[in-house]
Colleague: 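One structure is given below, represented as structure tokens, and several questions about it will come after.
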Amino acid sequence: MKIVVCVKQVPDTTEVRLDPKTNTLIRDGVPSIINPDDKAGIEAALRIKDENPDSTVTILSMGPPQAEEVIREAIAMGADDGVLVTDRAFGGADTWATSTTIAGALRNIDFDLVIAGRQAIDGDTAQVGPQIAEHLGLPQVSYAEDVKVVDENTIHVRRQFEDRYHIVEVKTPCVVTTLAELAEPRYMTVGGVYDSYNAEMKVWGLDDIKENLNVDHIGLKGSPTKVKKSYAKEGKGQGVLLTDLSADEAARAIISKLEEKFII
Ligand SMILES: Cc1cc2nc3c(=O)[nH]c(=O)nc-3n(C[C@H](O)[C@H](O)[C@H](O)COP(=O)(O)OP(=O)(O)OC[C@H]3O[C@@H](n4cnc5c(N)ncnc54)[C@H](O)[C@@H]3O)c2cc1C
């Protein structure tokens with residue numbers, strides 16, 4: 001099975017702090033990481049390869065030149081090769097322009113299965129995977145907790161719902177979006193790190209994929225949505241300490257506070 005995993009390089013949002021004085025985000029020193037849902041997607045692809053050694057795993061990332069780092073990291077985990085899609089023309093893209101570009105790059109690749117993460121921890125929209133499927137006219141299964149190859153043309157995906165799961169049978173080629181809970185991603189191996197420096201990496205700019213997409217639908221210009229304003233949430237005010245209350249009075253005080261704030 002030929003698998004492409006779409007991987008986004010994201011700031012580690014667990015490390016982003018709010019400056020309480022200025023209410024702005026402190027981004028200095030925040031490391032860039034593989035988006036967690038995508039890392040589970042890489043693991044899912046590598047497990048398929050473990051069971052079906054003929055399989056190939058290609059990592060595709062769109063971003064600035066430093067996004068090469070996440071591709072090399074995935075290769076060090078066991079992926080075969082990578083494609084970095086990078087060009088100033090792709091910058092400032094919203095999800096529509098991002099998915100248009102990624103779908104354009106995928107049209108250059110022979111694949112059976114495209115895996116994307118459910119959601120990126122910075123943009124947080126969960127739109128890119130399903131949009132890629134729509135652009136390419138492929139079936140899609142989102143929220144995958146498990147992916148199993150049944151035969152060359154069929155996979156089973158365990159799809160998470162709030163209170164249950166579905167096993168969905170889907171014909172390849174198709175798109176699956178994976179959840180971080182799917183699997184504990186494996187570590188890079190020392191040999192893998194070594195090999196990743198010499199692994200094949202294609203770098204595609206607009207010229208390499210422009211035949212495959214509508215150039216009016218890429219980058220900032222091709223984005224139907226624009227971020228008009230971005231600001232930090234107001235910090236919470238100081239808490240109120242209720243003292244000398246009986247248990248009943250304390251419960252009533254808490255309930256009335258929650259009602260006042262329309263929480264209940
Ligand atoms: C209204 C709007 C305007 C924006 N404007 C700008 C802007 O001006 N400048 C700017 O830099 N960003 C901008 N962004 C952010 C940028 O569009 C998103 O980061 C990008 O479209 C991916 O969306 P997401 O992060 O929500 O990913 P999701 O849809 O949550 O990602 C789902 C999955 O898709 C795959 N994926 C997503 N992006 C990539 C990628 N680049 N490469 C490979 N795989 C990927 C990953 O597998 C990921 O797990 C904007 C976003 C929005 C919603």
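Everything numeric in this text was worked out from a predicted model, so none of it was measured. Start at 1 and go down the list; that is how both ligands and their atoms are numbered.
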Colleague: Would you call Lys8 and Asp122 a salt bridge, using N to O less than 4.0 angstrom?
Modeller: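 A salt bridge links Lys8 with Asp122.
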
Colleague: Starting from atom 46 (C) of ligand 1, what is the nearest protein heavy atom, named by residue and atom, and what distance separates them?
Modeller: Asp38 OD2, 3.4 Å

Colleague: Val170, Ile167: one ILVMFWY side-chain cluster at the under-4.5 Å cut-off?
Modeller: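 No; tracing contacts between hydrophobic side chains, which count when under 4.5 Å, never links both residues.
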
Colleague: Counting each atom of ligand 1 from 1 as listed, which ones have a heavy atom of Leu60 under 4.0 Å away?
Modeller: 43 (C)

Colleague: Taking atom 51 (C) of ligand 1 as the point of reference, which of Asp37, Ile34, Asp94 owns the nearest heavy atom?
Modeller: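 Among Asp37, Ile34, Asp94, the closest heavy atom to atom 51 (C) of ligand 1 comes from Asp94.
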
Colleague: Between Gln9 and Glu69, is the side chain to side chain donor-acceptor pair (under 3.5 Å) condition met? List the steps.
Modeller: CA-CA 8 Å; Gln9 186 180 42; Glu69 291 163 14; 3.1 Å; yes

Colleague: Between Thr125, Thr98, Val227, Val128, which one has a non-hydrogen atom sitting closest to atom 26 (O) of ligand 1?
Modeller: Thr125

Colleague: Report yes or no: does a heavy atom of Ala126 sit under 4.0 Å from some atom of ligand 1?
Modeller: yes

Colleague: Nearest 0.5 angstrom please: Ile254 CD1 to Glu249 CD, how far?
Modeller: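 One finds 12.0 Å between CD1 of Ile254 and CD of Glu249.
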
Colleague: Check if Ile102 has a non-hydrogen atom at a distance under 4.0 Å from any atom of ligand 1.
Modeller: yes

Colleague: Would you mind running through ligand 1 and noting each atom that sits below 4.0 Å from a heavy atom of Gln127?
Modeller: 29 (O)

Colleague: Which of the numbered atoms in ligand 1 are below 4.0 angstrom from a heavy atom of Asp122?
Modeller: 25 (O)

Colleague: Would you call Val85 a ligand 1 contact, heavy-atom distance under 4.0 Å?
Modeller: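 In this structure, Val85 fails to qualify as a contact of ligand 1 - no heavy atom is under 4.0 Å.
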
Colleague: If the threshold is 4.0 Å, N to carboxylate O, is there a salt bridge linking Lys2 and Asp110?
Modeller: yes

Colleague: Assess, by modelled atom type and distance only, whether the side chains of Asp248 and Ser246 contain a donor and an acceptor separated by less than 3.5 Å.
Modeller: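 Not at all, the side chains of Asp248 and Ser246 share no donor-acceptor pair under 3.5 Å.
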
Colleague: Does Phe161 have Arg159 sitting over its ring (NZ/CZ under 6.0 Å from centre, angle to axis within 45°)?
Modeller: yes

Colleague: Rounded to the nearest 0.5 Å, how far does CZ of Phe111 lie from CG of Leu60?
Modeller: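 Rounded to the nearest 0.5 Å, the CG-CZ separation comes out at 10.5 Å.
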
Colleague: Would you mind checking if Lys39 and Asp37 are paired as a salt bridge, meaning a charged N to carboxylate O distance below 4.0 Å?
Modeller: no

Colleague: Should the pair Glu68-Arg72 be classified as a salt bridge under the 4.0 Å nitrogen-to-oxygen rule?
Modeller: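 Result for this pair is yes, salt bridge flagged.
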
Colleague: Return yes or no for this condition: an N or O of Lys226 is under 3.5 Å from an N or O of ligand 1.
Modeller: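 Lys226 vs ligand 1: no N/O contact under 3.5 Å.
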
Colleague: Would you tell me whether Asp151 and Thr154 have side-chain atoms, one donor and one acceptor, within less than 3.5 Å of each other?
Modeller: yes

Colleague: What atoms of ligand 1 come closer than 4.0 angstrom to any heavy atom of Asn35?
Modeller: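 Contacts of ligand 1 toward Asn35, numbered from 1: 49 (O).
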
Colleague: At what distance, to the nearest 0.5 angstrom, does CG of Asn212 lie from OG1 of Thr101?
Modeller: 11.0 Å

Colleague: Looking at Asp208 and Lys202, is any side-chain nitrogen of the basic one under 4.0 Å from a carboxylate oxygen of the acidic one?
Modeller: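 No, this pair does not count.
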
Colleague: Can you tell me how far apart CZ (Arg186) and CD (Glu43) are? Round to the nearest 0.5 Å.
Modeller: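 Reported to 0.5 Å precision, the distance equals 4.0 Å.
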
Colleague: Tell me the protein heavy atom at minimum distance from atom 31 (O) of ligand 1, and give that distance in Å.
Modeller: Ala120 N, 3.5 Å

Colleague: What's the shortest distance from atom 33 (C) of ligand 1 to any protein heavy atom, and which residue and atom give it?
Modeller: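 Protein heavy atom at minimum distance: Gly117 O, 3.2 Å.
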
Colleague: Pairs of nitrogen or oxygen atoms closer than 3.5 Å, one from Arg118 and one from ligand 1: do any exist?
Modeller: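 No, no N or O pair falls under 3.5 Å.
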
Colleague: Nearest protein heavy-atom contact for atom 43 (C) of ligand 1: which residue, which atom, what distance?
Modeller: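 It is Val7 O, 3.2 Å.
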
Colleague: Provide, to 0.1 Å, the distance between atom 40 (C) of ligand 1 and the closest protein heavy atom, together with that atom's residue and name.
Modeller: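 In this structure, atom 40 (C) of ligand 1 has Met62 O, 3.6 Å as its nearest protein heavy atom.
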
Colleague: Can you check which of Gly63, Gly92, Ala40, Ala97 brings a heavy atom nearest to atom 8 (O) of ligand 1?
Modeller: Gly92

Colleague: For ligand 1, which is the ligand I care about here, please tell me if Thr225 has any N or O atom under 3.5 Å from one of the ligand's N or O atoms.
Modeller: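 Such a contact does not occur with ligand 1.
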
Colleague: Can an N or O of Leu220 be found at a distance shorter than 3.5 Å from an N or O of ligand 1?
Modeller: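 N/O-N/O distance under 3.5 Å: no.
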
Colleague: For ligand 1, which atoms sit closer than 4.0 Å to a heavy atom of Ala116?
Modeller: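 Selected atoms, number and element: 47 (O).
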
Colleague: Nearest heavy atom to atom 19 (O) of ligand 1 wins, so pick from Gln119, Lys8, Gln131.
Modeller: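 Looking at heavy atoms only, the winner is Lys8.
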
Colleague: Please list, in number order, the atoms of ligand 1 under 4.0 Å from a heavy atom of Cys6.
Modeller: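 That gives atoms 44 (N), 46 (C), 47 (O) of ligand 1.
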
Colleague: So which of Gly41, Gly123, Ala93 gets nearest to atom 16 (C) of ligand 1, if we judge by its closest heavy atom?
Modeller: Ala93

